[in-house]
Undergrad: 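Pasting in a structure now, in structure tokens, and then I'll have a few things to ask.
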Amino acid sequence: MAVAVRVIPCLDVSHGRVVKGVNFENLRDAGDPVELARIYGDMGCDELTFLDVSASVEGRSTLLDVVRKTADQVFIPLTVGGGVRSVDDVAQLLHAGADKVGINTAAVRRPELISEIADQFGNQVITLSVDARRVREETRTDSGYEITTHGGKQGTGIDALQWARTAVELGAGEILLNSMDADGTNAGFDTDMIKDFRSEISVPIIASGGAGTTEHFVQAVQAGADAVLAASVFHFGTLTIREVKDELAKAGIEVR
């Protein structure tokens with residue numbers, strides 16, 4: 001039996017407030033994370049992702065008090081990322097109410113962090129955030145995609161697809177694939193990127209970046225995504241969770 005596709009709102013949090021911009025620039029306030037978490041839980045989302053987008057940039061840990069308050073408002077799986085640099089950081093987040101932990105920048109710097117977390121808590125705890133962008137010809141990688149870190153602000157020259165394969169081998173339980181080119185544009189998910197990663201990656205892929213219409217979510221799943229994640233279209237009332245699920249179901253895709 002097919003596994004139902006998950007619909008996941010993402011709370012990009014900076015300084016305790018939910019923010020959203022285009023390509024991670026020109027961020028605008030989208031509300032209180034605790035209140036939005038409660039609303040999304042009531043709306044029937046399958047999971048909730050909380051990303052402290054300024055933690056790595058500012059060199060600090062995730063805001064644990066906000067995570068605790070958010071976890072108190074939802075009774076669905078909660079993934080928390082941002083500023084996770086050690087096994088101890090993961091332990092604190094799980095203790096604060098997270099079910100899974102998103103890692104990106106610290107794992108790129110020190111890949112063995114993935115296996116350390118997997119050994120301690122299990123693969124199912126790790127969501128590897130892959131913030132990938134297409135690269136210019138002069139900086140070409142084998143796959144044509146490059147890893148970025150620090151909320152998309154820094155390029156690395158690291159091949160994104162090769163990195164995802166390595167991370168899965170080290171113990172990443174799922175991949176949050178965020179197209180930095182499409183992020184916040186509402187022009188649609190990067191379906192070619194999703195297909196390229198799906199052909200190489202065995203663990204679940206969460207598609208992120210670019211959602212603007214209900215049809216975009218269908219296209220992402222048809223390209224190979226196991227879950228679909230969005231922020232601004234939900235935060236600003238463009239779409240509801242139910243509208244997205246209804247469109248998926250209409251296309252013959254199993255939803256919860």
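Every value quoted in this text rests on a predicted model; they were computed, and no experiment measured them.
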Undergrad: Can you tell me how the ring of Phe217 sits relative to the ring of Phe189, calling it parallel under 30°, perpendicular over 60° and tilted otherwise?
TA: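 It falls in the perpendicular class, over 60°.
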Undergrad: Could you measure the distance from the OG1 atom of Thr70 to the CZ atom of Arg68? Nearest 0.5 Å is fine.
TA: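 Output value for this atom pair is 11.5 Å.
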Undergrad: Quick test of your reading: applying salt bridge (charged side-chain N to carboxylate O under 4.0 Å, His left out), list the pairs with at least one residue in residues 90-106, sequence neighbours left out, ordered by first then second residue.
TA: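 For residues 90-106, and leaving out neighbouring residues, the salt bridge (charged side-chain N to carboxylate O under 4.0 Å, His left out) pairs sorted by first residue read Glu47-Lys100, Lys100-Glu174.
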Undergrad: Decide yes or no on side chain to side chain contact (heavy atoms under 4.5 Å, CB included) for Val87 and Phe121, but give the supporting numbers first.
TA: CA-CA 9 Å; Val87 170; Phe121 303 107; 3.7 Å; yes
Undergrad: Could you tell me whether a side-chain N or O of Asp181 sits under 3.5 Å from a main-chain N or O of Arg134, the two making a donor and an acceptor?
TA: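 Yes.
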Undergrad: Just distance, no hydrogens or angles: give the donor-acceptor pairs under 3.5 Å from side chains in residues 201-215, sequence neighbours left out.
TA:
unit_1: Ser208; atom_1: OG; unit_2: Asn178; atom_2: OD1; d: 3.0
unit_1: Thr213; atom_1: OG1; unit_2: Glu215; atom_2: N; d: 3.4
unit_1: Thr213; atom_1: OG1; unit_2: His216; atom_2: N; d: 3.3
unit_1: Thr213; atom_1: OG1; unit_2: His216; atom_2: ND1; d: 3.4

Undergrad: Please list, one pair per line, the donor and acceptor atoms closer than 3.5 Å that link side chains of residues 241-248 to other protein atoms, with sequence neighbours excluded.
TA:
unit_1: Arg242; atom_1: NH1; unit_2: Asp246; atom_2: OD1; d: 3.4
unit_1: Glu243; atom_1: OE1; unit_2: Thr240; atom_2: N; d: 3.0
unit_1: Lys245; atom_1: NZ; unit_2: Gly44; atom_2: O; d: 2.9
unit_1: Lys245; atom_1: NZ; unit_2: Asp46; atom_2: OD1; d: 2.9
unit_1: Lys245; atom_1: NZ; unit_2: Asp46; atom_2: OD2; d: 3.4
unit_1: Lys245; atom_1: NZ; unit_2: Arg256; atom_2: O; d: 3.4

Undergrad: Which atom pair, heavy atoms only, marks the closest approach of Ala167 to Leu128?
TA: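 Closest approach of Ala167 to Leu128, heavy atoms only: CB-CD2, 3.3 Å.
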Undergrad: Can you tell me which residue pairs pass the salt bridge (charged side-chain N to carboxylate O under 4.0 Å, His left out) test with a partner in residues 159-172, sequence neighbours excluded?
TA: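 Applying salt bridge (charged side-chain N to carboxylate O under 4.0 Å, His left out) to every pair that reaches into residues 159-172, excluding sequence neighbours, yields Arg165-Glu200.
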Undergrad: Among Val18, Asp12, Leu11, Thr79, find the residue that satisfies the side-chain contact (heavy atoms from CB on, under 4.5 Å) test when tested with Leu51.
TA: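 The single option meeting the side-chain contact (heavy atoms from CB on, under 4.5 Å) with Leu51 is Asp12.
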Undergrad: Is it the case that one hydrophobic cluster holds both Leu36 and Val34, taking links as side-chain heavy atoms less than 4.5 Å apart, direct or via other members?
TA: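 Each belongs to a different hydrophobic cluster.
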Undergrad: For residues Val13 and Pro33, report the shortest heavy-atom separation together with the two atoms involved.
TA: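 Distance-wise, the nearest heavy atoms are CG2-CB, 4.1 Å.
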Undergrad: Between Glu254 and Val5, is a side chain to side chain contact (heavy atoms under 4.5 Å, CB included) present by the stated rule, with each step listed?
TA: CA-CA 6 Å; Glu254 184 177 351; Val5 167; over 6 Å; no
Undergrad: Ignoring hydrogens, what is the shortest heavy-atom contact between Leu78 and Val80? Give both atom names and the distance.
TA: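 Looks like CG-CG2, 3.9 Å.
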Undergrad: For the backbone of Ile147 and the side chain of Thr156, can you confirm whether one donor and one acceptor N or O come within less than 3.5 Å of each other?
TA: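 Yes, Thr156 side chain to Ile147 backbone: donor-acceptor pair under 3.5 Å.
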Undergrad: Which is it for Gln92 and Leu64 under the side chain to side chain contact (heavy atoms under 4.5 Å, CB included) test, yes or no, and what are the steps along the way?
TA: CA-CA 8 Å; Gln92 288 185 48; Leu64 290 174; 3.1 Å; yes
Undergrad: What are the two closest heavy atoms between Ala37 and Val74, and how far apart are they?
TA: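 Heavy atoms only, the tightest pair is O-CG1, 3.3 Å.
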Undergrad: Using 0.5 Å steps for rounding, measure from the OG1 atom of Thr191 to the CE atom of Met193.
TA: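 Answer rounded to 0.5 Å: 10.5 Å.
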Undergrad: Given Asp131, which of Thr148, Thr149, Asn104 fulfils the side-chain hydrogen bond (donor to acceptor under 3.5 Å, both in side chains) condition?
TA: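 Of all the options given, the one that passes is Asn104.
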Undergrad: If you look at every heavy atom in Leu113 and Ser86, which pair is closest and at what distance?
TA: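 Scanning both residues completely, I find the closest heavy atoms to be CD1-CA, 3.8 Å.
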Undergrad: Once you round to the nearest 0.5 Å, how far does CG of Asp42 lie from CZ of Phe75?
TA: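 If I round to the nearest 0.5 Å, the distance is 9.5 Å.
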Undergrad: Side chains of Ile8 and Cys45: closer than 4.5 Å at any heavy-atom pair?
TA: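 SC-SC contact between Ile8 and Cys45 ruled out.
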Undergrad: Ring-plane angle category for His235 and Tyr40, please: parallel below 30°, perpendicular beyond 60°, tilted otherwise.
TA: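 The rings of His235 and Tyr40 sit tilted, inter-plane angle from 30° to 60°.
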Undergrad: Which residues pass the salt bridge (Lys or Arg N to Asp or Glu O under 4.0 Å) test with Asp226, sequence neighbours left out?
TA: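 Counting only residues at least two positions away or on another chain, Asp226 forms a salt bridge (Lys or Arg N to Asp or Glu O under 4.0 Å) with Arg198.
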Undergrad: Which pair of non-hydrogen atoms, one from Glu146 and one from Gly157, has the smallest distance, and what is that distance?
TA: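 Heavy atoms of Glu146 and Gly157 come nearest at OE2-N, 2.7 Å.
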Undergrad: Atom CG in Asn123, atom CG in Leu170: separation rounded to 0.5 Å?
TA: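 Taking CG in Asn123 and CG in Leu170, the distance rounds to 10.0 Å.
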Undergrad: Could you list the residues that satisfy side chain to side chain donor-acceptor pair (under 3.5 Å) with Asp72, not counting sequence neighbours?
TA: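 Asp72: no side chain to side chain donor-acceptor pair (under 3.5 Å) contacts found.
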Undergrad: Is the closest side-chain heavy-atom distance between Trp163 and Pro111 below 4.5 Å?
TA: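 They are in side-chain contact.
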Undergrad: When rounded to the nearest 0.5 angstrom, what distance separates CG in Asp190 from OH in Tyr145?
TA: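 Reported value, rounded in 0.5 Å steps: 5.5 Å.
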Undergrad: Please round to the nearest 0.5 Å and tell me the distance separating atom CG of Asp88 and atom CG of Leu93.
TA: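 Between atom CG of Asp88 and atom CG of Leu93 there are 11.0 Å.
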